[in-house]
Engineer: 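Mind looking over this structure? Questions follow.
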Amino acid sequence: MAAPTSSKHDNTAPAAASAAADPSAPTPSAGTDLPKQYRPAEHEARIWDRWSAAKAFHADPARVLSGEARPYCILIPPPNVTARLHLGHALNNSLQDILTRAHRMMGFETLWMPGTDHAGIATQAVVERRVMQEEGKRRTDFQRDEFIAKIQAFKDDYEAQIIDQLQKIGCSCDWERVRFTMDEQCARAVREAFFRLFKDGLIYRGKRLVNWDPVLQTAVADDECYEAEIDGSFYYLRYPLVRKNAAGSHAPVTWNELATAGYPGADQHPGEEPAWVTVATTRPETYLGDVAVAINPHDPRAKSLRGLFAELPLVGRVIPIIEDSYVVLPEAYARTDEERADPKAGMATGYLKVTPAHDPNDYEIGRRHAQTIEAAGHPVLVNIFAPDATVSEKHGWEDVGDASLFIGMSREDARKKVVAEFKALGLLEGTKPHKHSVKHSDRSKAVIEPYLSDQWYVRVTDERMAGQANRALVSDQRTSAGSGSQSAPTDNRLQFHPARYAKTYEQWHDGIRDWCISRQLWWGHRIPVWTKTITIDATNRQQLVNGGDLDFLDASGASLFAWSWCPGETETEESANRLVGVAVFRHVASGRTFIGDATPGGPPWYGLPELDGEYEVAVCVNNAPSLVEYLEEESGFTQDPDVLDTWFSSALWPLSTLGWPESTPLLRAFNPTSTLCTAREIITLWVSRMVMFNRYFLPANFEQTGDAANASTSTTDAGPPPFRDVFVHAVIQDGEGRKMSKSLGNGVDPLDIVESHGADALRYTLCNMTTQTQDVRMPVERDPATGKNTSPKFDMGRNFGNKLWNAARFALAILGSASNPGSAVTRETNLSLADRWMLSRLAGGVQQAEAALREYNFANYAQTLYDLLWRDFCDWYLEAVKPTARTDAAQQAVLAHALETILRLIHPVMPYVTEAIFERVRAIETAPIDGITLGRPTKDGLLTTAGWPKVAAAWHNPEAEAAFDRARALITAIREVRAQHNVPPKRMVTYHPAAGLSVTDAEAALIRTLANVDTISNSAPAGPSVTFTYNAAEHRLSNLADAVDASAERARLEKLIADRNKQIKTLEGRLANPGYAQKAPPAMVEETRTQLQQAIQERDAANEQLAGLGA
RNA sequence: GGGCGGGUAGCUCAGCUGGCUAGAGCAUUCGCUUUACACGCGAAGGGUCCCGGGUUCGAAUCCCGGCCUGCCCACCA
């Protein structure tokens, strides 16, 4: 494991021994030799080395499987190897580390699995850009292997940087288990998963419309696109109407005929023959691929057009008029206000050109009307573009006709030319300017072309996928899909925090579409499918049925490769386990196969005995190099050139990192994992898919048996979701609410903060910011000295760490000189009020911290620590015990236990400074305290593996807290008077309690120490004095100064009177309300009366004093 | 178009299963070289809780409407 100081990652090399790592090294006994400031740089690397040497973060599945320890596991969301980590990663990983460290201390066998993601398209694009800049070469100037090697080198570099960053931040991952989504273990899981899905009919190949990037010439996912507003136009194109006659020829249609058929407004076109329909489009060039014109069945014109066709100008294709309710009615025919309000209604003509090969909606319409369209004599899908988005007749367009003049043109040129041609033909009805947003590719910035292309899909619409993903939700987060009065089915096993994100997750599955998993890239997992086109006829059919020349035997004669020409067919368990290859046939000539690929819910069926003609055989191979060799070298098969979508391997992360498909101890011990920490944009892309895959690939009883080998995917009973909790944290923005990004220059490198403030400060500040909202803002400033971005917010974390350091320094100075530990402290021990109060606060603090962590309320956790350490321990407890701590053994025990409890509570968020302090604290010996268990260090004297503090509820002490609060309020009141009168801090004053009020000894001790009072006197002051009001009684201070400053006193009293008057008015108003006394709880009314009485008393007293001053 | 957030002190944020004089950190002002800490200590000032209605004895908190702002998803003839 590498120390954070090293920039190189090496997860196998033993850590260098350092002096500090030796637990037997002499430990300084007191804190007095410590510097006044905690300097992170002096400790972090050294402490990291100690953790490494002790293998403190290494998880042992055996302890879980033997029942010795309960498991706690977090899988890191693997960062992309495209760039160094930013502040968002620092937040994400700090939170994971807090959870990890807390659970490790609580005694769970804790695994935080680290790793990185190959990030397919993103990484390839970054490297392509870099190679272009540095060498002036394109990807295609290299061999595939050559270029992949370049990406690999880039990945190695950034992976090392990322791991270095994570380690310097203090992430307590199991660094001996670093995974990479493309390493051999993950690759094996990918092939296995692909194979099983393929075999089960959940992976299929089909021609589909994808977002095509014509520059990169690859399909890109929706999330790899962005929308940009462009100024375009609506073009209104006329298509002449024709009628087919019996001979198969066609003839123009006249307006007269339409009028006769009842077409409204047909008489508006005298002499304008032949009749036409007008379509509106923003993309006139796609008319070349039109296969129908659609009209809404409720359009009054529809009826009279039945049986008619339109003829595409130049192309000459005769296309049917079809009726589909998808078409928006034009304003004139809208039936309801809602329809009229549709913005499209204003633009629409009521006729929609249908271009299934180039528009996703038209694709769906084409599916619905495939029969009608094909009956008209042409395929449903007419693809008019080459992969570079130039007009081409070579990719699925045959009836070019007179449209050959467009061939070879770019989309943009073709658009102009089409418009010009329509105009020349008198068929351009008009144009209207139109602003609309257009999809662009993130990577190349090119306009996305919906493009017909061969792609691999996962049938996530299957109940076994999306259905089981939703079913995993806990019942109170499951809302949709409950049919009738039935609530939605649920397995009660997956919970989102905050709960609202369950809705995002659920709705995503409700509207999910099949997942396109192929990418035309080089960087990624190759699709494990080998294809070859063969002709099947009567001669070889029987051979194939018998296994034919594809039947492959291993050396022992056992069949390694079995046909499964019916994917989804149930095999026996035995044959399924032996299966290393599965083949699917696709009829090359049949266009219908591509569009209507399956009966709903079922896999495509190809009855082998009926096969006849040219087929593409696709063989999916599962981890069988010998079969690959056979296919490639003896049978002439070639591997699919595409790679898988990055998210395919990410979706397997909970499986692959733990060793699946092997039934490893790690998998059995830690899957399902405990918590997934992530950002919300990834709920659909990643969380959903991990759940689907984990549930699909692990057997239903996995949680009980922990046995992945018995996985049976033929059942609808699903395995466990891969985690119990999904915590979705806020996104960090800059001070203006913008995303942090390189291009905006508002990014902050976490290591810059580690350098300037220390890792603990970074972590604490981020933790403190993590509320339950969606976004948090981090104002960014450029440090003029270093030129690096930073934020003043991190000072808070640094200050907090420093406070802890100094509190410990002080406590150690006291405790280090103690000699007699004394006997155990119990509830019978005579403790000071401050001690009893502190123990009570500790009991409460532990409880609050645990609750905050349990609820993933990180800001509350940080705030609890802050208040406990700074407000309670430092401001009040340490100040209170200063006079007595050196001599009171029981108090020393409380002091030591308080410090150590707080240290342990803070350790998960500030691991370095707490560990550094612990090096000294652990040497302190005091009496034990009954009911406080700190747990002893278990590994090399490290805090990081030491126990989580337990403070018995018996130490919770409301009376002590109330008494302490009273004293504290009085002290604050005295301090206020002192400040008002500019009494020097060191000056000891005399306090005269209000008449009839007795101060307990315990309170008196606190007042003396904390308010610099030397005498508490029940007699009237002899010299000059001031009166102050506290708790509705008048108290006096004397000895403030030689003379009392009357003007300060007057100012103070005037303000007090004003405040009280305001308060009196409010309270009187409340009581004057007749409903209040009647309806509010009596105790509350009583309280209000008391408050009013007190306020009046205090005001009157102040008035009196003011009058006295005036004299 | 559907969904989800946010709008509270100059800034960043708590509080919002209704009821303490609406809080914290930073910033500001005043006073402190108090022997743990000036990355500190003590004190102070600072708020139409976005706007308008409603429910209620009582609203920052609940309901309705509006304005501003951010994110996710879908769609775009």
Side-chain angles (χ1 to χ4, degrees), chain A residues 31-32 34 36-38 222 227 234-236 279-283 294 327-328 342-344 347-355 359-362 434 436-439 498 500-501 503-504 507-508 511 680-681 683-684 730-731 733 735 737-739 757 761 768-769 771-779 791-793 795-796 798-814 859-860 863 866-867 871 874-875 878-879 882 972 975-976 978-980 982-986 1012 1055 1059-1060 1062-1063 1066-1067 1070 1073-1081 1084-1085 1087-1088 1091 1095:
Chain A
T32 42
L34 292 169
K36 286 171 122 181
Q37 279 188 355
Y38 171 67
D222 285 342
E227 303 276 342
F234 262 123
Y235 300 89
Y236 293 87
V279 297
T281 179
T282 55
R283 299 202 55 196
V327 181
V328 172
D342 189 326
K344 282 177 202 156
M347 295 298 215
T349 63
Y351 296 108
L352 175 66
K353 64 193 277 301
V354 180
T355 325
D359 182 284
N361 292 310
D362 293 7
H434 177 55
H436 60 136
S437 65
V438 173
K439 245 183 215 176
R500 69 182 113 97
Y501 291 113
K503 203 165 180 179
T504 308
Q507 287 176 350
W508 161 258
R680 67 180 172 280
E681 71 263 20
I683 291 172
T684 54
V731 169
Q733 303 169 335
R738 299 172 304 185
K739 257 188 181 171
H757 290 74
N768 187 57
M769 291 175 69
T771 58
Q772 308 285 301
T773 57
Q774 284 194 162
D775 316 297
V776 289
R777 291 189 184 190
M778 172 74 79
S791 173
K793 296 205 84 169
D795 291 354
M796 187 208 197
R798 182 198 56 194
N799 296 352
F800 184 65
N802 196 56
K803 190 71 180 176
L804 176 62
W805 177 256
N806 278 292
R809 207 158 68 93
F810 179 59
L812 286 164
I814 291 170
N860 276 2
Q863 196 58 47
Y866 191 94
D867 291 340
R871 303 275 83 101
C874 292
D875 286 356
L878 285 184
E879 295 301 329
K882 270 180 180 173
T972 304
R975 284 173 174 175
E976 191 182 333
R978 292 180 62 119
Q980 220 89 44
N982 286 323
V983 179
K986 278 181 177 165
N1012 269 353
K1055 178 172 182 303
D1059 282 356
R1060 288 298 171 271
K1062 198 173 148 197
Q1063 194 187 347
T1066 313
L1067 295 172
R1070 194 176 297 169
N1073 186 331
Y1076 184 63
Q1078 285 164 25
K1079 298 198 179 174
M1084 182 169 290
V1085 178
E1087 196 186 321
T1088 309
Q1091 281 171 349

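Labels below follow one simple rule: chain letters A, B, ... track the order of the sequence lines, proteins then strands, and each chain is numbered from 1.
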Engineer: Under 4.0 Å, counting only non-hydrogen atoms across every strand here, what does A/Val327 touch: a base, just sugar-phosphate, or nothing?
Structural biologist: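 Result for A/Val327 = base.
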Engineer: OP1 or OP2 of B/G40 less than 4.0 angstrom from a side-chain nitrogen or oxygen of A/Asn799, does that happen here?
Structural biologist: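 The answer is yes; a side-chain N or O of A/Asn799 sits under 4.0 Å from OP1 or OP2.
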Engineer: Check whether any side-chain nitrogen or oxygen of A/Lys1055 sits under 4.0 Å from OP1 or OP2 of B/G45, and answer yes or no.
Structural biologist: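 True: A/Lys1055 side-chain N/O within range (under 4.0 Å) of B/G45 OP1/OP2.
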Engineer: Need one value for A/Pro1081: base, sugar-phosphate or nothing, where a base atom within 4.0 Å counts as base even if backbone is also close, heavy atoms only.
Structural biologist: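 It contacts base atoms.
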Engineer: With sugar-phosphate meaning primed atoms plus P, OP1 and OP2, does A/Ile683 contact a base, only sugar-phosphate, or nothing at under 4.0 Å between heavy atoms?
Structural biologist: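 Counting heavy atoms under 4.0 Å across all strands, no contact is made by A/Ile683.
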Engineer: Between atom NZ in A/Lys1062 and atom P in B/C20, what is the gap in whole Å?
Structural biologist: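 Going from A/Lys1062 (NZ) to B/C20 (P), I get 14 Å.
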Engineer: Has A/Arg871 got a side-chain N or O lying under 4.0 Å from the OP1 or OP2 atom of B/G25?
Structural biologist: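 So the side chain of A/Arg871 is within the cut-off, an N or O lying under 4.0 Å from OP1 or OP2 of B/G25.
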Engineer: Using purine N1 to pyrimidine N3 plus N6-O4 or O6-N4 for Watson-Crick, or N1-O2 and O6-N3 for G-U wobble, both under 3.5 Å, which nucleotide pairs with B/G1?
Structural biologist: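 Per the H-bond distance test, B/C73.
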Engineer: With respect to the phosphate group of B/A14, does any side-chain polar atom (N or O) of A/Thr773 fall under 4.0 Å of OP1 or OP2?
Structural biologist: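 Answer yes for this pair, as a side-chain N or O of A/Thr773 is under 4.0 Å from OP1 or OP2.
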Engineer: Tell me what A/Asn1073 touches on the nucleic acid: a base, only sugar-phosphate, or nothing, going by heavy atoms under 4.0 Å.
Structural biologist: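 Sugar-phosphate only.
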Engineer: List the residues meeting ring-ring contact (aromatic ring centres under 6.0 Å, His included) with A/Tyr351, not counting sequence neighbours, and say none if there are none.
Structural biologist: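 A/Tyr351 satisfies ring-ring contact (aromatic ring centres under 6.0 Å, His included) with no residue once adjacent residues are dropped.
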Engineer: For B/C16, what is the paired nucleotide under Watson-Crick or G-U wobble rules, both distances under 3.5 Å?
Structural biologist: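 No nucleotide pairs with B/C16.
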Engineer: Please determine whether a side-chain nitrogen of the Lys or Arg among A/Asp795 and A/Arg798 lies less than 4.0 Å from a carboxylate oxygen of the Asp or Glu.
Structural biologist: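 So A/Asp795 pairs with A/Arg798 through a salt bridge.
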Engineer: Ignoring hydrogens and angles, does a donor from either the side chain of A/Lys503 or the base of B/C4 sit under 3.5 Å from an acceptor on the other?
Structural biologist: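 In this structure, the two groups form no donor-acceptor pair.
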Engineer: Hey, does the side-chain of A/Gln507 have a donor or acceptor N/O within less than 3.5 Å of a partner on the base of B/A74?
Structural biologist: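 Side chain to base: no pair present.
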Engineer: If I pick the C1' atom on B/G45 and the same atom on B/U29, what distance separates them, to the nearest angstrom?
Structural biologist: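 Straight-line distance between the two C1' atoms is 7 Å.
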Engineer: Check the phosphate of B/C41 against A/Lys803, side-chain N and O only, distance under 4.0 Å to OP1 or OP2. Yes or no?
Structural biologist: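 It does, given that an N or O in the side chain of A/Lys803 lies less than 4.0 Å from OP1 or OP2 of B/C41.
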Engineer: Where the side chain of A/Pro779 is concerned, which of B/U12, B/A36, B/A77 is the nearest nucleotide?
Structural biologist: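 Among the listed nucleotides, the one closest to the side chain of A/Pro779 is B/U12.
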Engineer: Base, sugar-phosphate, or nothing for A/Gln733, non-hydrogen atoms under 4.0 angstrom?
Structural biologist: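 Here A/Gln733 touches the backbone only, sparing every base.
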Engineer: When we call it a touch if two heavy atoms are under 4.0 Å apart, what does A/Ala280 touch: a base, just sugar-phosphate, or nothing?
Structural biologist: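 A/Ala280: backbone/sugar contact only, no base atoms under 4.0 Å.
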Engineer: Taking side chain to side chain donor-acceptor pair (under 3.5 Å) as the definition, give me every residue that meets it alongside A/Glu879, ordered by chain and number, with sequence neighbours left out.
Structural biologist: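 A/Lys882.
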Engineer: Taking the P atom in each of B/U12 and B/G53, what is the distance between them to the nearest angstrom?
Structural biologist: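 Going atom to atom, P in each nucleotide, I get 29 Å.
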Engineer: Determine: side-chain N/O of A/Thr771 to OP1/OP2 of B/A14, distance under 4.0 Å, yes or no.
Structural biologist: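 Yes, because at least one side-chain N or O of A/Thr771 sits under 4.0 Å from OP1 or OP2 of B/A14.
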Engineer: When all nucleic acid strands are considered with a 4.0 Å heavy-atom cut-off, which category describes A/Asp867: base, sugar-phosphate, or nothing?
Structural biologist: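 Answer is nothing: A/Asp867 stays at 4.0 Å or more from every strand.
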Engineer: Among B/U34, B/G19, B/C71, which is the nearest nucleotide to the side chain of A/Pro985?
Structural biologist: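 Nearest nucleotide to the side chain: B/U34.
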Engineer: Does A/Tyr1076 reach the side chain of A/Thr1088, with side-chain heavy atoms less than 4.5 Å apart?
Structural biologist: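 The answer is yes; the side chains approach within 4.5 Å.
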Engineer: Closer than 4.0 Å, any side-chain N/O of A/Gln1091 to the OP1 or OP2 of B/U21?
Structural biologist: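 For A/Gln1091, the contact criterion (side-chain N or O under 4.0 Å from OP1 or OP2 of B/U21) is met.
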Engineer: Tell me which nucleotide among B/A36, B/C4, B/G40 gets nearest to the side chain of A/Cys874.
Structural biologist: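 Nearest to the side chain of A/Cys874 among the choices is B/A36.
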Engineer: From A/Asn802 CG over to A/Arg809 CZ, what is the distance, rounded to the nearest 0.5 angstrom?
Structural biologist: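 Rounded to the nearest 0.5 Å, the CG-CZ separation comes to 9.0 Å.
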Engineer: NA contact type, A/Thr1088, heavy-atom cut-off 4.0 Å: base, sugar-phosphate, or nothing?
Structural biologist: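 The residue A/Thr1088 makes no contact with any strand.
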Engineer: Quick one: label A/Glu976 by what it contacts on the DNA or RNA (base, sugar-phosphate, nothing), any heavy atom closer than 4.0 Å.
Structural biologist: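 Sugar-phosphate contact only.
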Engineer: Among B/G5, B/U56, B/A24, which is the nearest nucleotide to the side chain of A/Lys1079?
Structural biologist: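 Between B/G5, B/U56, B/A24, the one nearest the side chain of A/Lys1079 would be B/U56.
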Engineer: Which part of the nucleic acid does A/Phe800 contact within heavy-atom distance under 4.0 Å: base, sugar-phosphate only, or nothing?
Structural biologist: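 Here A/Phe800 touches no strand at all.
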Engineer: Assuming nearest nucleotide by heavy-atom distance, tell me which of A/Lys353 and A/Asp875 is located more 5' along RNA chain B.
Structural biologist: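 It is A/Asp875 whose nearest nucleotide is closer to the 5' end.
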Engineer: Considering heavy-atom distances to RNA chain B, does A/Met769 or A/Arg975 have its closest nucleotide positioned more toward the 5' end?
Structural biologist: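 Mapping each residue to its closest nucleotide by heavy atoms, the 5'-most match is A/Met769.
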